[in-house]
Amino acid sequence: MKKLLIPFYILFTTALLAGCQKDLERVNKNPNEPTTIQPDYLLTNGIKSNVDTYWGPDASMETSILYVQYWAKIQYPDPDRYIPAATNIQNVWSNFYAQGVEDFTTLAQLGDSLHNPNYKAVAVIMRSWIFQVLTDLYGDVPYTQSANIEKYLTPKYDSQRVVYNGILTELKGAVKLISETDNGIQGDPLLNGNMRNWKKFANGLRLRIALRIADRDYAAAKAVFDDVAAEGNVLLTANDGDVKLLYQSSPNQNPVGRNRETRNDYRISKTIVDKLKALNDPRLSIYAAQPKDTNIIIGVTNGLTPDSASRLGFTKTADAGTVFTATQAPAYLFTYAEQLFILSEAAQRNLISGDAAGLYKQAITASFKQYGVVGLVVDAYLAQPAVAYDVTNYKKSIGEQKWLALFGEGLEAFAEWRRLDYPQLKPAYTGVLNGKMPVRLPYPSSEQALNGTNYKAAVANQGPDLLTTKVWFDVY
Amino acid sequence: MKYAKRLLCLLPGLLWLQQSIAQEIRVNGVVTSRTDAQRVPGAIIQVKGTGHGTQSDADGKYTINANLRDTLQFSFLGFQTAFVVVSNNRIINVSLENSDSKLQEVVVTALGISREKKSLGYAMQELKSKDFSEAKETNLVNALSGKIAGVQVTNSQGNLGSSRIVIRGETSIAGNNQPLFVLDGVPVDNSQLGIGTGRDFANAISDINPDDVASISVLKGPNAAALYGSRASNGVILIKTKTGKDTNGGIGVTVTSGATFDKLLILPDFQNSYGQGNGGQFSYKDGKGGGINDGVDESWGPKLDGRLIPQFFSNGQLAPFVAHPNNVKDFYVTGYTLNNGLSVGGTNEKLDYRFSYNNTKQAGILPNTGITRNTFTASNTFRITPKLTLSTYADYVRSAADNLPGVDGRRGNSVTLQFIWFGRQVDVSQLKNYKNADGTDYNWNHSYYSNPYWIQNENTVGMLRNRFLGNARLSYQVLDWLSANLRIGTDYYQDRRKYKVAYYTNGTPFGSYTEDAYTVGETNGEFTLNAKKKLGSDFSLDALIGGNLRTNQFEQNYQQAPKLAVRDVYTLNNSRDPLISTSLLTKQKVYSGFASAQVGFRNYAFVNLTARNDWSSTLPAGSNSYFYPSVNGSLVLSEALHIQSKTITLLKVRGGWAQVGKDTDPYQLVNTYPFNQPFGALPQLTVSDKFLKKDLKPEITTSTEVGVEAGFFDNRARLDVTYYNSNSRNQILLADVSPTTGYLKKLLNAGEINNHGIEVMLGLTPVTTRSGFRWDVNINYARNVSKVIELDKEGFLNDYVLGSSGNIQVLASKGKQYGALYGKAYLRDDQNRIVVNADGTPGIDPNKKVLGYYTPKWTGGINNNFSFKGFNVSFLIDTKQGGSIWSGTNATGMGTGVLAATMPGRDAEHGGLPYYNDGTKNVQLPDNNATAPNGAPAKHDGMIFDGYTADGKKNTTVISAQNYYKAVYSSNLNESAVYDASFVKLREIKLGYTLPKSLISKWKLQAVNIALVARNLGYLHKNTPNIDPETAFNTGNGQGLETLQIPTTRSYGFNLNVSF
């Protein structure tokens, strides 16, 4: 009896263990999140979350938009005195890389595996846009080794030249991939799946970057303009092609609108108010809101001390206009006006053939139209000597007008102001940079611990990790 | 067949015959206590090996029937168990030794196995009921602080909330470092759910009522706890609950009643010379910038000299600007704990039973905070037959709170935030009527804060936790040396929380309402076979083999109405925006097989072996099975070498080696895609920011320990020294990685950390007299040295981030001690002098530096205990030496000018230097009476930072005190707010009195104890201004950071215990 039982026991135990093994695997299946993904859901998330970062407190409101003196702070003015908060710097970096670059890298791979090159093209365009913003802000950044964690746990920093050249090549490739007739894409709140518009956006970015590098590498810049022309100059042709994200009601509201729901920290900068007033610019009443207690639009000087800032009075100074602070206000990534300013400068610098002054006027007109200002008032504005295109100093003409046109787009304006050195801004009143202005963001301090060796190499290549260290494109 | 039946029928008769052949005799005697010669009532006298027993009566007398050569076992709580073999002498008087003399002490070890302490090859310490039930810490963890070598407890904030316990330092770089809690052999949960929600929820072990606990054994590391497997690498805390045997005789009813009152121990030292404002200016209009600096939440304003200024309460009228020195202090209330309990218990031949009920009502020191806990327990042991025993334990705990204190410095729920960003002139008592007629709040500030009473009364978080802990054990004595045990235990609770944020709360104008519900469960089924046998005359064997099946389940359902539609109605239906909902479900299963054996030789040499294999669901198939053994031994030299004498009462050496494997959390193998809220009609999925690992291996901790135990001079000096060395490798780390990898975290499987250290316990009895006076001193000392050996195999990572606050991070860095505070430091020149900027402020090094380590160099405690007759007085002093803490309270309070430490330099009276501004820079004036040229105003709040300019000259640039303190305590400079966290604390004073038997027996009482207890009386020494160095954010590993802590408390109370 007992002897008979022994094989039974063995059998039973083996069966039990095998059963247990299966059971254990079943228990460890994650019931909370899917293990596969479809491209449209990822695309929506990539667009929404990265435009949020681009337009939100970290990359814009607490940093670039103050540095270019679009806005100023009336409360907690440290960021406006060039003391950026560690969390803001960290968030720009973390969000753009871990949400942006990674999401779009995954989407590009999905485009391949699902044989839908349009998803891949869109992913590459969005990722290139993110890299452009990152390198504009920080200078040298990880590019070639980024978003490949299995191979590179500590990605090296690439020089800014490598990054710009890399994304120019990627954008060119993306444009080539696009099919306007088949392979429709879903989940695109930016351009609603219109692949021709994606082509226009990609080409616009290529020209934007070409100008960025033109002071360093004219030939490379020229090659980009030539390429785009050879491909048929598929560019924005009207305001309705502006690349913008239309925000919705809460909880999908514009980040600026979200801020204004509970906070009252920002005002329009005195610098831009003064400029708009000096030029009788009709955009003044759009860019700025009426103060509560007066009907005079008064801006706030950048970088005031807390007491002098608040002494100006919350109700006597103007915030940015509701076009920017409304819940459903759009966030602009690339506009027809900017396209025309690019072409104007390109014509001026013989990157293309064309009428620089004419394009300049068209650019200003497009900017007005963007805000619904049309008709005689535009002509009157353009007729002013202070507005007229100055062939001897295109940097001043284009720099000032582009700055006025880009109001709200803190990141692009911050890059273009550094490149053109116009408008000539005065440093914040109590800025802490010994009379200098910020020309980049420092790297997040966590990189020192998490990617120390490469961080040190980047600092050695680029210069001290300070707000005042110029990035590569910023020659003058 | 007929024969057989008859034979069976005869059997009972035969057995009876056998019994009667053994000569049964009646034994009687008196049980007394050796230390005070008092008679011991309620002592349990059992005939060993039978279920047969009795108790001593009120006079300590007993009578029992036993056979010759039977062993009588005398046991009573707090005393060593004594054994006497029945001889012809029918009167056996026994004098019981206090159990702390540790000679024949029997202790509970892993899996509930009782072992003689001398047979153990590792250090363990046990606390008896009276060590923690008199002092009445409601959080059981706190009762362990200072009493056990190598145990570090980080206290709660305020008088409610969580406490963290770590034994022998951190063995896990990233994971949980707190020990496993085991209640009567069944693991129980000690999670702190809801970290990061801005409320300090108490850790789950605080559900246990100290009155129900008979003893707590601390198994300090893998060597002692290897049998518990996976979760034992941080040690185990074994809790043994009281049973029917733990009663004092009589009818077995015990009533306890206690009250404790909590007062502030440490409150920041505020200045009362300057009020709200900036640059000396202030005038109130609307509290959000409409007046002069009236939105400013700092105290750099005008002097509090009674000048007339419009203020928040004066409706635009002028009112005297004066100090209210106790404005913050008066906001706090006296906290209290009322504790009332009743237990009924008893024992007879068939049954031990105990039922208890306890009600603990705690009120916090913040207004309108508190928690009420009701505990019901039933503990029964049924001796069904002499061989079959069933033990059951059931504990139902209901913890309910209407509001718990807010932490983390969030403006919607933390009042400590606004008290450190404050106008020092504000009279908080004027804020008590916090609501205006239109429902908005009435406050001194409207730019950032809501009224502090509003925060306490409107923005509440309630919780209700229903918890059931239970186990049943069936034990069958198969043979007289072999028993079989089956145990099933469960710990199950539901914890529901309701967060309310009122309409018109600053920053949340529509308010919000959140419901968060957790369901947590763990079930263990365990089967063991235990063998206990004498092998010949010299050897003994005590062995066990068994298996365990553990299932864990965790569920969270979170729903939020992010903006209320209608005010004051708190329901999820009342929402303006779509609800935000998440749900989470995790499951885990572990199968285990284990065995252990103890071989004893002549009762003085012992070898213990254990082995365990786990199969865990959290690891990948193929590597989810892991085996780990342990071996340890003890040699009682004093017995082996026959040197036992009055001088050397005990000399024992021990040593051991152990390995423990550890699995991980569920779902760490396959990458998944988390959901984000849909963008309109478009659903959103994203790539997770965590990169997981398909081929995880279990963590392995290997530990060696050796020790010596000795008793001298009739055991009046007792020494226990342990050295240990433990190495944990293959650590599973969810490490922060550079976001440029595309991820924020990556799961690594390579971390290695080493901990080694020494623990010393020294017990002395300097005085003991015949009259019963006894003085005991117990000293403990522990030093742990940790070193992070490796983070990842490839060596890319040098630092693992444990926690952070702004720019300061807590790191585990390769090659360094665990817990580095890594932050922004002063810029220093090559002579290590601080470099001062051109504007007179100190320079900041762009590279972060290690500013200290939170892990202490050593910890220790001294407990003095005096007893005489029924009186007992003890006081406990404990200390932590070394270790640093970064204080957010100080960093903020210095910048906002509310702390008294910002007074130096603020005016001439406080040493401020005279100067004026010539339009571009500050120029120092020769003396206070000097006037500035060109009519520029002379100022008297000048300070010069003690440092050197970039070109090596002594700094002479004058800056205002406000700019000075703002620069030195800027959020971009952490070094200035890092302090030495060393302290010496008077932890506890107890005065206990046990009424003499002779007195109470007249009242038909069995025992009456009265205790007066004071805890956390004060610091004899500390180096952290304005804060308590002991507190922390939460129970995680990111310790060493303090920010806006709720003041800790000192408590006084009394406790009464009456047994009928």
Using a cut-off of under 4.5 Å on heavy-atom pairs, state which of [options] scores highest against chain A.
{"options": "B:Lys848, B:Lys587, B:Gln668", "result": "B:Lys848"}
{"options": "B:Ser813, B:Ser625, B:Gly507, B:Ser688", "result": "B:Gly507"}
{"options": "B:Ser447, B:Pro562, B:Gly806, B:Ser583", "result": "B:Ser447"}

As a quick check of understanding, evaluate side-chain contact (heavy atoms from CB on, under 4.5 Å) for B:Arg576 and A:Ser250, giving each step before the final call. CA-CA 9 Å; B:Arg576 230 165 247 278; A:Ser250 170; over 6 Å; no
Could you tell me which residues in residues 100-109 of chain A have at least one non-hydrogen atom under 4.5 Å from a non-hydrogen atom of chain B, sorted by residue number? A:Glu102, A:Asp103, A:Thr106
Residues of residues 40-47 of chain A under 4.5 Å from chain B (heavy atom pairs)? A:Tyr41, A:Leu42, A:Thr44, A:Asn45
Candidate pair B:Leu744 and A:Ser94, rule side-chain contact (heavy atoms from CB on, under 4.5 Å), full reasoning: CA-CA 7 Å; B:Leu744 301 181; A:Ser94 298; 3.9 Å; yes
Which side-chain N or O atoms in residues 82-89 of chain A pair as donor and acceptor under 3.5 Å with protein atoms at least two apart or in another chain?
{"residue": "A:Tyr82", "atom": "OH", "partner": "A:Ala428", "partner atom": "N", "Å": "2.9"}
{"residue": "A:Asn88", "atom": "ND2", "partner": "A:Asp58", "partner atom": "OD1", "Å": "2.7"}

With a 4.5 angstrom heavy-atom cut-off, could you sort out which part of A:Thr36 is near chain B: side chain, backbone, both or neither? backbone
Could you please spell out the steps behind the side-chain contact (heavy atoms from CB on, under 4.5 Å) verdict for B:Tyr667 and A:Lys29? CA-CA 7 Å; B:Tyr667 320 138; A:Lys29 206 167 171 292; 5.7 Å; no
Using 4.0 Å as the upper bound for N to carboxylate O, is an ion pair formed by A:Glu25 and B:Lys589? no
Donor-acceptor pair, A:Asn28 side chain versus B:Pro666 backbone, under 3.5 Å? no
Will you find, in the side chains of B:Tyr591 and A:Asp23, an N or O donor that is under 3.5 Å from an N or O acceptor? yes
Modelled atom types, side-chain donor and acceptor of B:Asp689 and A:Gln99, under 3.5 Å: no
What's the spacing between A:Glu33 CD and B:Tyr673 OH if we round to 0.5 Å? 11.5 Å
Please enumerate all residues that pass side-chain hydrogen bond (donor to acceptor under 3.5 Å, both in side chains) together with A:Thr327, with sequence neighbours excluded. none
